Amino acid sequence: ADDADMDGLIKQADLAMYRAKELGRDTYCFFDEKMNEAAGERHQLEVQLRRALERNEFRLHYQPKADLRTGRITGVEALLRWQPEGEALVPPNEFIPVLEETGLIVPVGAWALQEACAQMVRWEQSGGLRQPLRLAVNLSARQFRHQDLVEQVSTALAQSGFDPRRLELELTESMLIDD
């Protein structure tokens, strides 16, 4: 029983330490049961996100990009969305930070890049576009630093047949904040 109590105390101390780190430098924090609840909820969200990729619950929404001088659509930005089966869309600020923290952003980002390139080609082949458009895909700091990034981009372009001159890789806010 003492070992179980000690393990519980260590977990509580860890939760308080991580909360203090979130609050900034030179501070401390006492354990609160809400921290335990928050950790449990975050773990549950992580489990759901791991399943989401397997279950094809991620979606891409395409936001038009226009030339302000002419008003013409010049491209689209692919935006990652998550819709768990039978539920409403989950706001990006509720799941993207967890994808980044856990490293799941790497496989999800690779899927998004592949899917976005393939969708552009499908639209072009179906005659759904009046002119070729540029495609912007966001990269997080974690993706940018990942050793397979160049291979992921090359694979997405090769498999889809999308013109690499029209692909824009945009750095997310997390990338700019990190460095």
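Bear in mind the structure is a predicted one, so any value in this text is a computation, not a measurement. Each residue takes its place number in the sequence, starting with 1. Side-chain atoms are counted along with the backbone in the values below, which use heavy atoms only and exclude waters and symmetry mates.
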Rounded distance (nearest 0.5 Å) linking atom CG of L113 with atom CD of Q159: 10.5 Å

Within the structure provided, determine whether L157 and D163 are in side-chain contact (heavy-atom separation under 4.5 Å). no

Can N138 and Q143 be counted as having a side-chain donor-acceptor contact under 3.5 angstrom? no

For L60 and A112, which heavy atoms make the closest approach, and how far apart are they? CD1-O, 3.4 Å

With R81, which residues qualify under salt bridge (Lys or Arg N to Asp or Glu O under 4.0 Å), at least two apart? none

Note, Q114 side chain near Q152 side chain (heavy atom, < 4.5 Å): no

Nearest heavy-atom neighbours spanning V90 and P84: CG2-CD, 3.7 Å

Taking C-beta and beyond as the side chain, do C117 and V121 meet within less than 4.5 Å on heavy atoms? no

Say whether, by atom type as modelled, one donor and one acceptor occur between the side chain of E46 and the main chain of L99 under 3.5 angstrom. no

Should L104 and L89 be counted in the same cluster of Ile, Leu, Val, Met, Phe, Trp and Tyr side chains packed under 4.5 Å apart? no

I'd like to check V137 versus L167 (side-chain heavy atoms, cut-off strictly below 4.5 Å). Are they in contact? yes

The complete set of salt bridge (Lys or Arg N to Asp or Glu O under 4.0 Å) pairs with one or both residues in residues 106-128, sequence neighbours excluded, reads E115-R122, E124-R166

Can you tell me which residue pairs pass the side-chain hydrogen bond (donor to acceptor under 3.5 Å, both in side chains) test with a partner in residues 52-62, sequence neighbours excluded? E57-W82

What's the separation between atom CD1 in I105 and atom CZ in F144, rounded to the nearest 0.5 Å? 15.0 Å

Please determine if E170 and K65 form a salt bridge, counting it only when a charged side-chain N lies under 4.0 Å from a carboxylate O. yes

So V108 and F95, do their side chains get closer than 4.5 Å, heavy atoms only? no

All pairs passing salt bridge (Lys or Arg N to Asp or Glu O under 4.0 Å) where residues 101-112 contributes a residue, at least two apart: R42-E101

E85 atom CD: more than 12 heavy-atom contacts under 6.0 Å: no

Kindly indicate whether the side chain of L133, heavy atoms from C-beta on, has any atom under 4.5 Å from the side chain of Q131. yes

Is it true that L135 and L149 fall in one hydrophobic cluster, defined by side-chain heavy atoms closer than 4.5 Å? yes

Once you round to the nearest 0.5 Å, how far does CG of L45 lie from CD of E94? 8.0 Å

For G71 and A66 the tightest heavy-atom approach is O-CB, 4.3 Å

Contacts of type salt bridge (Lys or Arg N to Asp or Glu O under 4.0 Å), residue D148, not counting sequence neighbours: none

Does R134 pair with E77 as a salt bridge, N-O distance under 4.0 Å? no

Is there a side-chain contact between V153 and T155 (heavy atoms, below 4.5 Å)? no

Verify the cluster assignment for L79 and W111: are they in a single hydrophobic cluster under the rule of side-chain heavy atoms below 4.5 Å apart? no

Run the ring pair (Phe, Tyr, Trp, His ring centres under 6.0 Å) test against F162 and tell me which residues pass, sequence neighbours left out. none

